[in-house]
Amino acid sequence: MSQDTVSIKNNNTGEQAEFSLLKGTLGTPTIDIGTLNKNLGLFTYDPGFVSTASCKSNITYIDGEKGILLYRGYPIEQLAKQSSFLEVAYLLMNGELPTENKLFNFSNEINHHTILHESLSGFFSGFHYDAHPMAMMVGVVGSLSAFYHGQLNMEDPEHRRISALRMLAKMPTIAAACYQHSIGYPIVYPRRDLEYCENFLNMMFSLPSQTNAQRDKQIDPITVKALNLLFILHADHEQNASTSTVRLASSTGANPYACIAAGISALWGPSHGGANEAVLKMLMEIGTIENIPKYLKKAKDKNDPFRLMGFGHRVYKNFDPRATIIRETCHEVLAHFPTDDPLFELALALEEYALKDEYFIEKKLYPNVDFYSGIIYRALKIPENMFTVMFVIARTAGWVSHWLEMMAEPTHRISRPRQLYTGYDKRDYTPTNLRK
Ligand code: CMC
């Protein structure tokens, strides 16, 4: 990493100081302002972290202008076409693609950890049947910390590796259990003879009365392929809100399962991972193609809180490369599962309208990955309230990779931002009887 400097001058006082300009392998040069307060008595103000790099990372690179997304240097397009989700998870966690042998061992280890402790399985019955699956995910994943805490030595890289593996392995089991609980069926146990995505589909859709042979028959290869692809596209996205939340919580040395639960909470919001569910809700609200102009008008109205869900991105300003890939799959999946669902036609019409609209063109608002992911999940018969849970399964690979990276740094510090205080100046307490 080469180093230049940047001078910052306070025009009010005339004071000036030099700061290192850090240059990564790719991307925008970054001013190291860690000593700004010490040298000039100033803080920086950047709500939403629009111009702030919160850490150094080797994992994922995004170029928002050019629509580039690299995992450990590999373009997302190549990984999406040629690899499996577990191979990508291995890559993210370990930095290199696995050999055949390493992938086999990794897959076996994941399979070994898919089972939940029987006491944890009991937690689901504490939730009402209509609890949102994301609420159950936050609770159950957080509860994993109660099962793996005392014996966890975070200084030991092997302990950290096993913790990361466990989270990746158990996430589909917990996700499917949330769904089975919501429809009143018993939890389906994971099977060692199935691959990651097949296992999830089996746990998600098996009926209590079915034999394994019947269950195997309903695992459709196109669904498995689509799921692998969606999971790869959602696996990591550098310092997004949920990953930053995981890093922030982890910086205190907190239990990793609790930190991942914090990440799940951050992902749930409709501006982030909750967008895929919000897209479907929005399409239902729009209802018909004739209503699209009315809703586009609402989306452009500053006094109306309505936003076009699945459009826009903080980083991508020309196109979201994940959306380009997923759009193709969307058509494949819809061709494989022919449907007369009017929402698909409506989604395609909405996309066409928005892409031609001056407001969306000028503000560089394009369909993001979650505009299409909800449509595919719906075609795959995944219920709408499970869409964001699907995102959780995939993003766990990214969260644990960032956690592993951070915990391996010898000098990681607690994250503790400062603020621009805008409250009262110091004032004196008055007893209640004297208050007006
Ligand atoms: N519909 C209408 N107007 C929009 C939209 C939208 N979806 N997104 C942004 N704008 C407008 C916004 O009002 C603002 O206008 P102005 O410049 O006049 O104030 C301008 O575009 C810039 O928007 P912003 O809110 O400052 O952008 P941001 O970077 O803070 O927010 C976003 C990014 C993704 C939260 C936002 O675009 C959004 O709310 N999109 C809809 C939700 C969504 O699809 N989220 C999923 C993101 S992809 C999955 C993931 O990675 O989590």
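We're numbering straight along the sequence, starting at 1. Quick note: numbers below take in every heavy atom, side chains included, and nothing from hydrogens, waters or symmetry partners. We count ligands from 1, going down the list as the structure has it; atoms in each ligand are counted the same way. Predicted model only: the values in this text are computed from it and were never measured.
Contact record, Cys178 with Met137: SG-SD, 3.8 Å, taken as the closest heavy-atom pair. Pairing each heavy atom of Ala261 with each of Val138, the nearest pair is CB-O, 3.7 Å. Listed here is the closest heavy atom pair of Pro270 and Met309: O-CE, 3.2 Å.
Of the protein's non-hydrogen atoms, the one nearest atom 17 (O) of ligand 1 is Lys363 NZ, 3.4 Å. Gly312 O, 3.7 Å is the protein heavy atom nearest to atom 34 (C) of ligand 1. The closest protein non-hydrogen atom to atom 50 (C) of ligand 1 is His272 ND1, 3.6 Å. Protein heavy atom in closest approach to atom 3 (N) of ligand 1: Tyr359 OH, 3.2 Å. In terms of protein heavy atoms, atom 40 (N) of ligand 1 is closest to Phe311 O, 2.9 Å. With respect to atom 45 (N) of ligand 1, the closest heavy atom belonging to the protein is Ser271 O, 2.9 Å. Here the protein heavy atom with the shortest distance to atom 30 (O) of ligand 1 is Arg314 NH2, 3.1 Å. Looking at atom 1 (N) of ligand 1, its nearest protein heavy atom turns out to be Leu308 N, 3.1 Å.
For Phe371, the heavy-atom gap to ligand 1 stays at 4.0 angstrom or more. Using a non-hydrogen distance threshold of 4.0 Å, Ala241 does not register as a contact of ligand 1. For the ligand labelled ligand 1, residue Leu365 lies inside the 4.0 Å heavy-atom shell. Heavy-atom distances between Gly48 and ligand 1 stay at or above 4.0 Å for every pair.
Taking every heavy atom of Ala275 and a limit of under 4.0 angstrom, the matching atoms of ligand 1 come to 43 (C), 44 (O), 45 (N), 46 (C). Here is the list of ligand 1 atoms found below 4.0 Å of a heavy atom in Lys302: 13 (O), 15 (O), 16 (P), 18 (O), 19 (O). Below 4.0 Å from some heavy atom of His313 lie the following atoms of ligand 1, by number and element: 34 (C), 37 (O), 48 (S), 51 (O).
When distances from atom 11 (C) of ligand 1 to the protein are checked, a heavy atom turns up under 4.0 Å. Of the protein's heavy atoms, none falls inside 4.0 Å of atom 27 (O) of ligand 1. For atom 15 (O) of ligand 1, the nearest protein heavy atom lies closer than 4.0 Å.
For the pair Asn39 and Ile8, the minimum side-chain heavy-atom distance is 4.5 Å or more. Annotation: side chain of Arg247 is in contact with side chain of Cys55 (closest heavy-atom distance under 4.5 Å).
In this structure, the side chain of Glu198 engages the main chain of Glu195 through a donor-acceptor pair within 3.5 Å.
Ligand 1 has no nitrogen or oxygen under 3.5 angstrom from a nitrogen or oxygen of Asp370. Backbone and side-chain nitrogen or oxygen atoms of Arg307 are examined, and one is located within less than 3.5 angstrom of a nitrogen or oxygen of ligand 1. Checked against a 3.5 angstrom limit, the closest N/O atoms of Gly310 and ligand 1 fall inside it. At a 3.5 angstrom cut-off on N or O pairs, Met309 does not count as close to ligand 1.
Using a cutoff of 4.0 Å between basic side-chain nitrogens and carboxylate oxygens, Lys225 and Glu332 are scored as salt-bridged. The existence of a salt bridge linking Glu352 and Lys356 is confirmed by a sub-4.0 Å separation between a basic side-chain nitrogen and an acidic carboxylate oxygen. Taking the charged nitrogens against the carboxylate oxygens, Glu109 and Arg161 do have a contact shorter than 4.0 Å, which makes a salt bridge. Using a 4.0 Å cut-off between a side-chain N of Lys or Arg and a carboxylate O of Asp or Glu, Glu96 and Lys102 do not qualify as a salt bridge.
In the candidate list Asn368, Val369, Val279, Asn368 is nearest to atom 47 (C) of ligand 1, counting heavy atoms.
Between the side chains of Gln239 and Ser54, no donor-acceptor pair is found at a separation under 3.5 Å.
His237 pairs with exactly one of Tyr316, Tyr71, Phe391, Tyr61 by the ring-ring contact (aromatic ring centres under 6.0 Å, His included) rule, that one being Tyr316.
Between Phe127 and His181, the angle of the ring planes goes over 60°, which puts this pair in the perpendicular group of the 30/60° scheme.
For the atom pair CG (Leu103) and CG (Leu97), the distance works out to 9.5 Å, reported to the nearest 0.5 Å.
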